[in-house]
Protein chains: 2
Amino acid sequence: MNEAIENILQSKDIAPTAMRILVLEYLQKQTAAVNLADVEAGFAQADRITIYRTLKTFEEKGLIHSINDGTESTKYALCAEACKAGDHYDLHLHFFCIKCRQTYCLPKHKVPEIDLPAGYQLKELNLVAKGICDQCT
Amino acid sequence: MNEAIENILQSKDIAPTAMRILVLEYLQKQTAAVNLADVEAGFAQADRITIYRTLKTFEEKGLIHSINDGTESTKYALCAEACKAGDHYDLHLHFFCIKCRQTYCLPKHKVPEIDLPAGYQLKELNLVAKGICDQCT
DNA sequence: TCGTCCATGCAACCCGATTGCATTGTTTAA
DNA sequence: TTAAACAATGCAATCGGGTTGCATGGACGA
């Protein structure tokens, strides 16, 4: 179990410390994207800054991606395996439920093709849908 | 000139005060979306809070829309005329240039149709493209 | 003219994000 | 095996955007 987690970390070139293993385990359990406060609340005694830096590291190394769903706080969710450090291939749709205020990744729903005006180079595409999720209907 | 501005404000049910006329004039001059600090810097002696509330009012009344381009600060841009208080019909694409860090409205590029999983109700769609704009290429 | 309402301006606060720095723990090289 | 080097952690403090409270001022209607 722990070994599987450690392997994941090492495959992304992240030193598997106790904290990082805990945070990754926590992230794997989530069905929705979480913010810093969520992770913090997930542990009894945890230092906010350490978690913050852990998430930063995870993001840099391509293990998780951050989502800006329009709320105040940045949220995080696990990446597809194909993601590498600095290169995120998870151009999927994110859905923010205005009722439960949860943000879900919808990886099956790819971001559509966009054609930009001449001279514009596309690097990244961010698509956030807002509405009511199936749980809240 | 001023009269045209006043007419716009009144058509959106906004009392045309000196400050609001100035802010609207400023917004009309912009080619990219601006944040609070930008507007503040556009005037010699201006109160940050007043501008903040002016923008809030404009947004509520459907004169401008706010854009969350993934940077720290919220940006604003003028709406299409069709926008009404509380109802924004400007589901267009926004482009954020990672070089000049400007955010542009691309109203000609409509947001594509999205089909959500069963049980999901769509209320709003937010599409932000990131890359390099034609000026920075 | 008076009273009311809205806009303005100042101060202060809140909160998420971030950095500095000292400490601890782990790995590497002698 | 030990010492040096480096990475991770934890605490304190800061920063900046966003926001609210409250008092003042100006416009407008009764």
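In what follows, chains are A, B, ... by sequence order, proteins preceding strands, each numbered from 1. Quick note: numbers below take in every heavy atom, side chains included, and nothing from hydrogens, waters or symmetry partners.
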At under 4.0 Å between heavy atoms, how does the protein contact nucleotides 9-24 of chain D? Give one character per nucleotide, 5' to 3', with B, S or -. BBBB----SBBBB---
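- A:Lys61 places none of its side-chain heavy atoms less than 4.5 Å from the side chain of A:Glu59.
- What separates CD of A:Glu60 from C1' of C:dT18 is a distance of 13 Å, to the nearest Å.
- Under the 4.5 Å side-chain criterion, counting only non-hydrogen atoms from C-beta, A:Ile49 is in contact with A:Arg53.
- As rounded to whole Å, 16 Å separates atom P of D:dA8 from atom CG of A:Leu22.
- Nucleotide C:dT27 holds its P atom 10 Å from the CD atom of A:Gln10, rounded to whole Å.
- Side-chain atoms of B:Val128 and A:Glu124, non-hydrogen and from C-beta on, never get closer than 4.5 Å to each other.
- As rounded to whole Å, 14 Å separates atom C1' of C:dT18 from atom CD of A:Glu59.
- One can place CG of B:Leu55 at 14 Å from P of C:dA7, the figure rounded to the nearest angstrom.
- In this structure, A:Phe58 and A:Leu27 have side chains that are in contact, with non-hydrogen atoms separated by less than 4.5 Å.
- Although no hydrogens or angles enter the test, the distance criterion places no donor-acceptor pair under 3.5 Å between the side chain of A:Thr103 and the main chain of A:Ala33.
- If you take CG of A:Asp38 and P of C:dA17, they are 11 Å apart, rounded to a whole angstrom.
- Counting heavy atoms from C-beta on, the side chains of B:Leu9 and B:Thr17 never come closer than 4.5 Å.
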